[in-house]
Q: 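Take a look at this one; I'll ask things after.
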Amino acid sequence: MTDAQWWKNGTVYQIYPRSFKDSNGDGIGDLQGIIDKLDTLNDGTENSLGIDAIWISPFYPSPMADFGYDVADYCDIDPMFGDLETFDRLVTEAHQRGIKIIIDWVPNHTSDQHPWFLESRSSRDNPKRDWYIWRDPKPDGNRPNNWGSIFGGPAWEWDEATGQYFYHMFVKQQPDLNWANPDVYAAMLDVLHFWFKRGVDGFRMDVVYLIAKTPGLPDNPLDPDADPSLPEDDIFSRQIHLYDGARPEVHEIIKDFRRISDQYDDRALIGEIWEDDIEKWVEYYGENGDELQLPFNFRFIQLQKWAADGAKAIVDMMEGAVPSAAWPNYVLGNHDRTRPATRVGGQGQARVAGMMLLTLRGTPTLYQGDELGMLEAKIPVDKIQDPWGINLGPERTRDGCRTPIQWDGSNYAGFSTVEPWLPIQDDYTWRNYADMSADSTSILALYKKLIWLRKKTPALNIGSYTPLNMPDGIFAYIRAEGGQRVLVALNFTAESKPLSLPGIGRILLSTHLDRQGAVSGVIELRGDEGVIVALD
Ligand code: NOJ
């Protein structure tokens, strides 16, 4: 693997730092905790997970109204997570192990406690007033437009002292920045330089597609098909997002981000892009490959019905749409969505999903804990932390995928010495890193094998993708590079199915971790089984 292609050849692992490892006994994970676990992530041997890059969700000073996505200082570390010296050590220690560091950058909004916003709010003629989106009420006293906040309620908050509203797409403690203001633009680009100079290898850019706003901020049309049972406060879900969504101007801004990134060696930009229209989604690579290296592809997360034909349709669409000079990517889970092991219908399918993620042509992003098959936790209502769940009802909470990583069977799962910020799941006594590392048939053992096999096998890593025609319920493809051809066949059902092999081969890995060796003709693919077969 050449260094310059790390974002293409490597496996990315998302760390949600609050829930990864607590090193100082306050019930919340921290940067030292990440350092302490780096060997588990990659110590250069196949005993470790073998990931190549970590993306760390925000660790900046923050009042934590949205658990760090409300940033009060882009160039420092919240004391809860550590300090800049610890961050520098993390970069050094990670790099010593060949692990790249991707950090989260939140360009759409700051915290309402960010000094920029405090100044902006202080008076109408403050030089930073225009750094945010302030508007007068309508002549009838109403809000400037009908937009809703994703997290519930209107997207406008009244400021009594200065007699104007400010706009916030997320909670009211997250005012949107005004990217049309050149000083905002320059200050935010300085932030990129600050971290690049500190040695970070890339950024994951939070809702970057939303930063350019529609001139005039017109009302959104109401969605006639909106679900009538939506909570009254869910204004956002009852509208068609014609005017508060992505704007074409954002591409020019992203090109500037890329120009900065390209001033440094081997850096990469990943963007959080929610865009259903594939043509528009592809535009985030840039016409000349001059925007994001990886616009996150969330289509597996959005797949309504977990089935072979649905998964194949997504991959075929990606293969058809991503320009040949660009590189696909796949995301199975993250800190905002239901855990895959719950979503795909059980541990057997979670293994199949993991095998798919790690054998496709495209960078895989794995969310912490999915390698343990962690399930979506049921959080008691009085323990809900997420503002989405608090504002719009417990079924919206994202806490269920954010519970602490289960390291061992000791108190608090070895995550902390005190009660953590979110409850530990009951299955920690056996679903944990220590026990599953000792069990050669665990899903963790499978993930390790998959990640290392991908690394060692050019066909699986950078090879071409050719789908095969298969009976219902099976998704199969060949990855090929040079003379190497590898078949991947995934049974998305609980019934066994015959699999006709296109030649003679050798099973390299089964999701059941119980067979290897020479095969030919028709083999049985057991229920919930995926296999990787090296073809002769
Ligand atoms: C997307 C992040 O992934 C999510 O956790 C956050 O709440 C919103 N952006 C707002 O920053």
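Predicted model, so just to flag it, every value in this text is computed and none were measured. If you read the sequence from its start, that first residue is 1, and numbering goes on from there. Counting convention: from 1, in listed order, for ligands and their atoms alike.
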Q: Heavy atom under 4.0 Å from ligand 1: found in Met169's side chain, backbone, both, or neither?
A: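 None of Met169 does.
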Q: Tell me whether the NZ or CZ atom of Arg402 lies within the 45° cone about the ring axis of Trp388 and under 6.0 Å from its centre.
A: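 Arg402 over Trp388 ring: no.
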Q: Is the positively charged end of Arg299 above the ring of Trp281, judged by distance under 6.0 angstrom from the centroid and angle within 45° of the axis?
A: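 Yes.
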Q: So, Asp266 and Lys100, do they make that salt bridge, N to O below 4.0 Å?
A: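 So Asp266 does not pair with Lys100 through a salt bridge.
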Q: When you look for heavy atoms under 4.0 Å from ligand 1, do you find them on the side chain of Phe151, its backbone, both, or neither?
A: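 Side chain only.
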Q: Both conditions, 6.0 Å and 45 degrees, for the charged tip of Arg18 above the ring of Trp421: are they met here?
A: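 Here Arg18 passes the 6.0 Å and 45° test against Trp421.
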Q: Which residue supplies the protein heavy atom nearest to atom 7 (O) of ligand 1, what is that atom called, and how far is it?
A: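 I find the closest protein heavy atom is Asp66 OD2, 2.5 Å.
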Q: For Gln14, state whether at least one heavy atom is located under 4.0 Å from any atom of ligand 1.
A: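 Per 4.0 Å heavy-atom rule, Gln14 does not contact ligand 1.
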Q: Measure the distances from the heavy atoms of Arg402 to every atom of ligand 1 and state whether one is below 4.0 angstrom.
A: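 Yes, Arg402 has heavy atoms under 4.0 Å from ligand 1.
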Q: Work out whether the distance between some heavy atom of Arg398 and some atom of ligand 1 is less than 4.0 Å.
A: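 Right, Arg398 reaches ligand 1.
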Q: Does at least one non-hydrogen atom of Trp388 fall below 4.0 angstrom from an atom of ligand 1?
A: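 Under 4.0 Å: no for Trp388.
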Q: Kindly confirm or rule out a cation-pi arrangement of Arg343 over Trp306, judged by NZ or CZ under 6.0 Å from the six-membered ring centre and within 45° of its axis?
A: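 Geometry flag: not set, cation outside 6.0 Å or 45°.
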Q: Mark up the atoms of ligand 1 that fall under 4.0 Å of a heavy atom belonging to His109, in ascending order.
A: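 Under 4.0 Å from His109, ligand 1 has these atoms: 10 (C), 11 (O).
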Q: Looking at Trp158, Phe117, Trp156, which hits ring-ring contact (aromatic ring centres under 6.0 Å, His included) with Phe166?
A: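 Output: one option passes, namely Phe117.
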Q: I'd like to know if Lys255 and Glu252 make a salt bridge, using a cut-off of under 4.0 Å between side-chain N and carboxylate O.
A: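 Salt bridge: yes.
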Q: Just by distance, no angles: are the side chains of Asp244 and His241 close enough, under 3.5 Å, to form a donor-acceptor pair?
A: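 There is such a pair (donor and acceptor under 3.5 Å, judged by atom type) between the side chains of Asp244 and His241.
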Q: Taking only heavy atoms of Asp336 into account, list the atoms of ligand 1 that are under 4.0 Å away from them.
A: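 Contacts of ligand 1 toward Asp336, numbered from 1: 1 (C), 2 (C), 3 (O), 4 (C), 5 (O).
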Q: Which residue and non-hydrogen atom of the protein lie closest to atom 8 (C) of ligand 1, and at what distance in Å?
A: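 Nearest neighbour among protein heavy atoms for atom 8 (C) of ligand 1, to 0.1 Å: Phe170 CE2, 3.8 Å.
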Q: Within ligand 1, which atoms have a heavy atom of Glu272 less than 4.0 Å away?
A: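 Counting from 1, the qualifying ligand atoms are 1 (C), 3 (O), 9 (N).
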Q: Do me a favour and list the nearest non-hydrogen protein atom to atom 1 (C) of ligand 1 with residue, atom name and distance?
A: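 Its nearest protein heavy-atom neighbour is Asp206 OD1, 2.9 Å.
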